Amino acid sequence: MMVLKLFFAVLFFSITTASKAAIDSSAVTASEGNQVLLNMSKAMKSLNYQGTVVFLKNGKLEAMKYFHAANKDAEQERLLSLNSPLREIIRNSDQVSCHFKEHQQTIVDYRPVERSFLLDIPKNINELAATYSFDIVGEENIAMLPAYVIAIQPKDKFRYVRKIWIEKNYFLPLKVVIYNFSGQALEQVVFTELEVKDSLPFVGVSKAGSTEKPVSIAQSTKPDSHSPFVVSELPQGFQEIFFTRSPVHNSDQLVDHMVLSDGFSSVSVYMENKNTTIQTGLQSIGAVNSFSRTIGDHALTVMGEVPATTVKLIADGLRLRVRGE
Amino acid sequence: MHEDLNQKISQFLDNELDLDEALSVLHKIRTQSELKAKMSRYEAIHHVLKSDVFLYPSADFSEKVSQYIEKEPSYFLPKNQFLVAQKPINRRNKVLALAASVALVVFISAQSIHTNNKSQTATTLQLAEQKRIEQSPKLMGDPNQNDQYPINARINDYLQAHDSRVYASDEANFRPFATVSAHSRE
């Protein structure tokens with residue numbers, strides 16, 4: 001009798017375990033790509049991880065050590081260049097510091113809308129169904145780690161195709177590629193090794209041996225200030241996320257800067273006085289396209305990691321704000 | 001007289017002599033072996049002064065080359081036998097040649113039609129991208145201001161203000177002492 005009970009107990013345990021495994025498996029295979037992206041977004045913020053990451057932009061390759069430290073209250077990203085010019089870049093919340101070892105110079109910059117050096121992930125992935133589709137298109141190994149391949153496919157011609165390779169266990173991004181419409185890779189970010197840690201230290205900006213004070217940032221924009229220009233043509237999904245007026249160049253001249261974003265792709269609009277030479281028309285730097293034009297005494301430039309048609313459309317739709325508007 | 005000849009050789013190498021004087025110097029060099037050696041040394045010095053590469057050929061180098069060229073035999077080769085004695089093309093070969101030509105024409109036509117179809121189905125975006133490459137940007141504004149702030153520096157400033165990932169690029173060193181764009185905290 002005892003043996004029979006034991007037999008049924010083992011049988012019950014086996015069936016339960018097998019069915020649970022089956023549920024987990026079906027959950028993964030049936031899960032939408034956007035669910036995997038949501039998991040990735042959470043993992044990127046909450047986990048402690050480090051590795052070696054390679055940035056491939058404009059035909060140039062840059063290998064860096066990457067660290068992400070997180071606790072309940074804060075998170076910190078840190079990049080350490082492996083090749084000259086040696087530098088350490090640290091993101092604490094909305095502040096980015098770049099310390100150049102050679103010049104012992106530190107630049108402190110405020111980036112209220114950026115969250116990661118690896119890739120931009122929108123908070124509202126589920127609300128982007130009108131502009132993007134998210135599909136699991138395969139499974140591959142990156143840095144000897146199994147990963148889902150998620151294709152982020154735009155539904156119009158105003159943004160680039162992206163693919164993200166997301167590690168299966170921790171849902172961390174291992175590889176990100178931006179493609180043009182011919183399927184040619186424009187930019188890549190690839191981890192060559194990645195490990196998750198229980199904890200990682202938060203470090204301060206390196207000032208060892210530095211004789212220079214960190215470059216301080218003057219904030220010129222009032223919170224309620226409006227841009228002196230109006231963006232009348234915007235592709236679906238893009239919206240203004242902030243505006244500032246600040247000395248972008250190495251001078252006191254203020255430049256109006258508006259950032260537009262659809263969650264994955266961001267576009268900047270700059271306006272300044274036309275008292276300097278500008279190159280009108282389209283220009284391209286890797287995945288980044290820019291279009292410059294003049295309106296009256298103002299020079300305007302639209303720039304972003306979007307196709308040429310997008311920057312041109314936005315630039316053509318720019319007009320100066322009428323008084324009282 | 002000797003110094004004068006040396007100067008003439010130097011002027012000859014610098015291409016400063018007129019035709020008659022040059023011919024006179026060449027004649028003297030040809031008849032006097034001492035002058036020939038001097039000419040060779042001057043030539044080497046002249047070459048070193050005008051370039052970083054130093055090659056010192058032997059004094060009789062150019063003469064030997066000339067001699068070898070003169071000794072080189074001339075060959076009067078017979079015409080290709082195949083072309084000289086062509087056999088009449090028989091009927092079977094004519095048919096084969098005709099078939100091959102027709103096949104080639106069909107293949108080239110098919111290729112051109114395929115290419116045309118491709119270009120017709122190109123999206124507006126692709127055309128725009130192509131146009132973008134073809135379009136050369138125009139300069140606007142006050143050209144006198146060009147030296148004050150280079151165009152590329154302006155674009156770099158914009159790039160830096162647009163995306164902090166520019167620090168991850170090795171081009172981040174382009175402006176290490178600059179003030180960077182500031183964004184208001186919200």
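This is a predicted model, so every value here is computed, not measured. We name chains A, B, ... by the order of the sequence lines, and we start the count at 1 in each one.
Taking Thr301(A), Val288(A), Leu79(A) one by one and counting their heavy-atom pairs under 4.5 Å with chain B, the maximum is reached by Thr301(A). No other option in Val255(A), Val53(A), Ile89(A) has as many heavy-atom pairs under 4.5 Å with chain B as Ile89(A).
Looking at residues two or more places apart in sequence or on another chain, you find no ring-ring contact (aromatic ring centres under 6.0 Å, His included) involving Phe229(A).
Taking CG of Asn156(B) as the start and CD1 of Ile285(A) as the end, the distance is 7.0 Å to the nearest 0.5 Å. The distance from atom CG of Asp157(B) to atom NE2 of His257(A), rounded to the nearest 0.5 Å, is 12.0 Å. Here the straight-line distance linking atom CG of Leu159(B) with atom OG of Ser268(A) works out to 9.0 Å at 0.5 Å rounding.
For the pair Ile155(B) and Gln283(A), the tightest heavy-atom approach, listed with the atom from each and the gap, is CD1-NE2, 3.7 Å. The minimum heavy-atom distance between Tyr270(A) and His162(B), with the atom names listed, is OH-N, 3.1 Å.
Sorted pairs that involve residues 279-288 of chain A and meet salt bridge (Lys or Arg N to Asp or Glu O under 4.0 Å), not counting sequence neighbours, are lacking altogether.
Contact of Val267(A) with chain B is made through the backbone alone, with heavy-atom distances under 4.5 Å. Only the side chain of Met64(A) comes within less than 4.5 Å of a heavy atom in chain B; its backbone stays farther off. In this structure, chain B has heavy atoms under 4.5 Å from both the backbone and the side chain of Ser266(A). Both the backbone and the side chain of Phe117(A) come within contact range of chain B, with heavy atoms under 4.5 Å apart. With a 4.5 Å cut-off on non-hydrogen atoms, Arg91(A) touches chain B through its side chain but not through its backbone.
Counting heavy atoms of neighbouring residues, nucleotides and ligands inside a 6.0 Å radius, atom CG of Asn83(A) exceeds 12 of them.
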